[in-house]
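Take a look at the structure below.
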There are 2 protein chains.
Amino acid sequence: MTSDAKLTIGTLSQRSGVAPSALRFYEDEGLIHSTRTAGGQRRYGRDTLRRVAFIRVAQRVGLTLEEIREALASLPERRTPTEKDWGRLARSWRPRLDAQIALLESLRDGLDQCIGCGCLSLKSCALLNPGDRAGAQGPGPRYLPLRNG
Amino acid sequence: MTSDAKLTIGTLSQRSGVAPSALRFYEDEGLIHSTRTAGGQRRYGRDTLRRVAFIRVAQRVGLTLEEIREALASLPERRTPTEKDWGRLARSWRPRLDAQIALLESLRDGLDQCIGCGCLSLKSCALLNPGDRAGAQGPGPRYLPLRNG
DNA sequence: CCTTGAGCTCAAGTGCACTTGAGGTCGCAG
DNA sequence: CTGCGACCTCAAGTGCACTTGAGCTCAAGG
């Protein structure tokens with residue numbers, strides 16, 4: 001019977017390791033949902049715990065909250081998501097993870113050759129132009145969340 | 001004779017692929033330096049090209065501008081840095097790169113086991129607590145620059 | 001000399017992911 | 001029923017890495 005107990009924001013915060021302010025923020029952003037007590041306080045179903053966990057892991061993988069919201073939107077609305085649902089979502093990260101790992105490995109392996117040799121000053125350097133667009137006037141950098149890095 | 005030509009900010013921008021505004025910003029932050037013409041315009045030595053290249057690669061590796069400034073501060077002030085100087089700096093990234101790669105790999109390899117099995121909701125999950133601090137109320141996330149991601 | 005594109009400064013704005021603070025309310029133990 | 005810790009809202013602030021805009025000056029070709 002503990003399975004249908006609702007969680008307060010404080011409890012969810014403790015169990016998930018995510019600050020209450022962040023949980024409210026996630027809710028504003030449509031990433032999680034709550035019911036309210038008569039007095040207006042938030043109450044979360046236990047599946048929210050997994051939802052929050054998913055959000056944090058997805059952030060580590062490099063997704064923005066925007067992307068995570070989109071991913072979560074593909075979950076069933078009517079029923080509590082199953083392990084298969086979560087598994088499917090998580091597996092969609094693989095190409096992204098593989099690409100990131102490949103990038104970092106090429107960076108690591110290229111350091112000695114590339115930096116030492118002087119190509120670091122050339123537009124054609126693979127380290128400098130991993131996206132293959134030499135000198136393109138792109139916008140600012142994107143970020144990869146790296147919690148507890 | 002091209003080797004001692006000074007670069008304007010526009011030329012440096014084109015050659016490095018970094019916007020003029022960013023170059024001015026880097027200068028404000030002490031990451032690069034310029035001399036000025038009589039009229040007050042910036043002129044950069046050719047070694048600044050390499051310096052800027054270093055900054056961009058360092059960002060991809062995950063360093064903040066603060067950290068990059070510190071790294072650059074260890075370069076000789078009096079002479080133009082040699083390839084050995086740059087190589088030494090770049091090699092200091094290795095442990096960091098290795099750690100990041102290891103993290104992403106554990107994330108990738110843990111996905112199927114972890115997300116499918118339900119531990120995603122537990123504080124002891126390795127994916128959720130890579131820093132080994134379950135439920136610690138850490139500050140906000142850190143970022144890993146991921147240009148052209 | 002004149003024009004014009006490139007450059008200058010300084011203040012403010014952007015995007016992301018939150019946190020902080022002020023001022024007030026809820027809900028449960030005693 | 002009272003106290004007080006947990007919760008509420010809303011606005012503003014934070015940190016990083018820049019970008020944008022206004023208003024003005026410089027430098028090089030014709």
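Because only heavy atoms are used, hydrogens play no part in the values below, and waters and symmetry mates are left out as well, while side chains stay in. Note that the structure is predicted; figures quoted are calculated from it, not measured.
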Practice prompt. Starting at atom CZ of R60(A), determine the distance to atom P of dA17(C), rounded to an integer number of angstrom.
Written response: 15 Å
Worksheet entry | Contact under 4.0 Å: Q59(B) side-chain N or O vs dC18(D) OP1/OP2 | yes
Item to complete: Please report the closest heavy-atom contact between I9(B) and P20(B), naming both atoms and the distance.
Response: CD1-O, 3.7 Å
Worksheet entry | A22(A) side-chain proximity, nearest of dT19(D), dG7(C), dC18(C) | dC18(C)
Worksheet item: Which residues in residues 30-43 of chain A have at least one heavy atom lying under 4.0 Å from any atom of DNA chain C?
Response: T37(A), G39(A), Q41(A)
Worksheet entry | Nucleotide dC7(D), atom P - distance to CD of Q14(A) in whole Å | 9 Å
Discussion item. So, OP1 or OP2 of dA17(C): does either fall under 4.0 Å of a side-chain N or O from R24(A)?
Written reply: no
Discussion item. Return whichever of T11(A) or L23(B) has its heavy-atom-nearest nucleotide of DNA chain D closer to the 5' end.
Written reply: T11(A)
Discussion item. Could you check whether any side-chain heavy atom of L63(B) comes within less than 4.5 Å of a side-chain heavy atom of R96(B), counting everything from C-beta outward?
Written reply: yes
Discussion item. Using a 4.0 Å cut-off on heavy atoms, which residues in residues 66-75 of chain B reach DNA chain D? List them by number, or say none.
Written reply: none
Worksheet item: Taking CG from L12(A) and P from dA6(D), how many angstroms apart are they, rounded to a whole number?
Response: 16 Å
Response to the item:
Closest to the side chain of F25(A), out of dA17(C), dT19(D), dC18(D), is dA17(C)
Worksheet item: Just how far is it from atom OG1 of T48(A) to atom NE2 of H33(A), taken to the nearest 0.5 Å?
Response: 8.5 Å
Worksheet entry | From CA spacing to verdict: side-chain contact (heavy atoms from CB on, under 4.5 Å), I55(A), V18(A) | CA-CA 10 Å; I55(A) 293 168; V18(A) 175; over 6 Å; no
Worksheet item: In whole angstroms, how far is the P atom of dA6(C) from the OH atom of Y44(B)?
Response: 16 Å
Item to complete: Any chance you could lay out the side-chain contact (heavy atoms from CB on, under 4.5 Å) test for L107(B) and W93(A), step after step, and finish with the verdict?
Response: CA-CA 10 Å; L107(B) 216 42; W93(A) 298 340; over 6 Å; no
Discussion item. Does a side-chain N or O of Y26(B) approach OP1 or OP2 of dA17(D) to a distance below 4.0 Å, or not?
Written reply: no
Worksheet item: Side-chain N or O of T8(A) less than 4.0 angstrom from OP1 or OP2 on dA6(D)?
Response: no
Worksheet item: Roughly how many Å is it from NZ in K6(B) to P in dC26(D), rounded to a whole number?
Response: 20 Å
Worksheet item: What do the steps show when you test R51(B) against L75(B) for side-chain contact (heavy atoms from CB on, under 4.5 Å), and what is the final call?
Response: CA-CA 10 Å; R51(B) 216 173 157 94; L75(B) 286 174; 3.9 Å; yes
Fill in: Length of the CD1-C1' vector between I55(A) and dA17(C), whole Å
12 Å
Discussion item. If I compare all heavy atoms of T64(A) with all of E67(A), which pair ends up nearest, and what's the gap?
Written reply: N-OE1, 2.8 Å
Worksheet item: Does R88(B) come within less than 4.0 Å of D85(B), counting only side-chain N to carboxylate O?
Response: yes
Fill in: Non-neighbouring partners of T8(B) that pass side-chain contact (heavy atoms from CB on, under 4.5 Å), sequence neighbours left out
T11(B), R43(B)
